There are 2 protein chains.
Amino acid sequence: MKLSQRGEYALRALLVLGMNHGSGVVRIRDIAQQQNIPRRFLEQILNDLKSAGFVLSKRGVAGGYRLQRGPNEISLADIIRHLEGPLAPVGCVSVNYYQRCSCPDEGKCAIRSVMQEVRDAIVGVLEGVSVAHLCDRVRDLQGPLENPLDYII
Amino acid sequence: MKLSQRGEYALRALLVLGMNHGSGVVRIRDIAQQQNIPRRFLEQILNDLKSAGFVLSKRGVAGGYRLQRGPNEISLADIIRHLEGPLAPVGCVSVNYYQRCSCPDEGKCAIRSVMQEVRDAIVGVLEGVSVAHLCDRVRDLQGPLENPLDYII
DNA sequence: TAGAATCTCGACCTATTTAGTCAAGTATCG
DNA sequence: CGATACTTGACTAAATAGGTCGAGATTCTA
């Protein structure tokens, strides 16, 4: 699992939305400025997150984005799977994006058995962390601040 | 960490060499045929593994490749790091290929702290498995065979 | 010692992915 | 109405992936 720039931006944006959950929508522009993400690129990313059902948008003057589900219902595994595809290092051990490989017998493939362990290790971490957990970590690391937009993400 | 085709070929080739360790060299052609790897591509890969110090070669009629060090001295982490670069999902948590990211304070970055855990999980598995371990797994999975080249890898 | 077998080295190629940019359109608020 | 924001789809440049190829250098063996 390698996190692309796009993926990192998406996580940061979702984390901002998580920190602001319950207080209306946040504008693309604000996220982009605060997180130093190219605005046009972020538009594209948020749009993608919207069609995937992670966020909702509101158009017009007081428009912006917010999380569609509660922050505790969105795991990093879900997000990254949507953005980057398989979490597994090879397709033949991926549960959600399985792809047969060329070896004659998967059950007897030693490399596969190791990659299986790697996959389980990765998934074990990422399934266990939700956006809400991330928000908790932010507050733990930085202490409670007045304005949610002031948090460094 | 995503394993490319090239990386998978390299692992398979090294595993073949591991299974044949102690009994001279193995020709590129044999590995390529047996593992169904494009020969020219495998040449390139083995050459790379040679300059990285994983294998030795012998030229001429009875030429071929063998492992440079003992199979128990080569960890998958070493191999994959050489082939694919960082094991970590993002540069800012990589020990061997560290790269600063754009966030203002790494110590307070929640995403980074999760990615750190992911990295540790991946490295934990891959540091613990050597080529010798892989060979053991092959034998465990397939039972002992006469000819090392008959093992399915 | 010629010739066949084998590795060696670097250049080359094509398709896909990554990281963006941009213009024109649509909805919403005051 | 008009300003503000999201929406949609097309477009682009650079890097990476997955190979291929030709010509050269070694080594064995007859």
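So you know, we letter chains A, B, ... as the sequences are listed, proteins then strands, and number each from 1. Only a predicted model underlies this, so the values are computations on that prediction, with no experimental measurement involved. Only heavy atoms go into these numbers, but all of them, side chains included; no hydrogens, no water, no symmetry mates.
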Return the 5'-most residue of the pair A:Glu43, A:Val61 with respect to DNA chain C, ranking by each residue's nearest nucleotide.
->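 That would be A:Glu43.
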Inter-residue atom distance B:Leu83.CG - B:Ile45.CD1, 0.5 Å rounding |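 Atom-to-atom, B:Leu83:CG and B:Ile45:CD1 are 8.0 Å apart.
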Spacing of OG belonging to B:Ser57 relative to CG belonging to B:Asn47, to within rounding of 0.5 Å =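 The distance works out to 7.5 Å.
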Tabulate atom names and distances for all N/O pairs under 3.5 angstrom spanning the protein and nucleotides 18-21 of chain C.
unit_1, atom_1, unit_2, atom_2, d
C:dA19, OP1, A:Gln5, N, 3.4
C:dA19, OP2, A:Gln5, N, 3.3
C:dG20, OP2, A:Tyr9, OH, 3.4
C:dT21, O4, A:Gln44, NE2, 2.9

Would you mind reading off the distance between [X] atom [atom1] and [N] atom [atom2], rounded to a whole angstrom?
X       : N      : atom1 : atom2 : result
B:Asn36 : D:dG19 : CG    : P     : 11 Å
A:Leu49 : D:dT7  : CG    : P     : 12 Å
B:Leu83 : D:dT16 : CG    : C1'   : 15 Å
B:Leu56 : C:dT6  : CG    : C1'   : 16 Å
B:Leu3  : D:dT16 : CG    : C1'   : 15 Å
A:Lys2  : D:dA15 : NZ    : P     : 14 Å
B:Asp48 : D:dA17 : CG    : P     : 13 Å
A:Arg27 : D:dA5  : CZ    : P     : 4 Å

For residues A:Ser94 and A:Arg119, report the shortest heavy-atom separation together with the two atoms involved.
->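 Answer, listing the atom of A:Ser94 first, then A:Arg119: CA-CD, 4.4 Å.
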Taking 4.0 Å as the cut-off, does a side-chain nitrogen or oxygen of [X] come that near to OP1 or OP2 on [N]?
X       : N     : result
B:Lys58 : C:dT6 : no
B:Asn47 : C:dC9 : yes
B:Lys50 : C:dT8 : yes

Would you call [X] and [Y] a salt bridge, taking side-chain N to carboxylate O under 4.0 Å as the test?
X        : Y        : result
B:Arg137 : A:Glu117 : yes
B:Arg81  : B:Glu127 : yes
A:Glu106 : A:Arg100 : yes

Per the atom types in the model, does the base of C:dT26 pair as donor or acceptor with the side chain of A:Arg59 at under 3.5 Å?
->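 Flag set: donor-acceptor pair detected.
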Would you mind classifying the nucleic acid contact of A:Leu46 as base, sugar-phosphate or nothing, using non-hydrogen atoms under 4.0 angstrom?
->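 The residue A:Leu46 makes no contact with any strand.
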Counting any heavy atom closer than 4.0 Å, what does A:Gly60 reach on the DNA or RNA strands: base, sugar-phosphate only, or nothing?
->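 Here A:Gly60 touches the bases of the nucleic acid.
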Would you say B:Asn36 has more than 12 foreign heavy atoms packed within less than 6.0 Å of its CG?
->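 Result for CG/B:Asn36: open.
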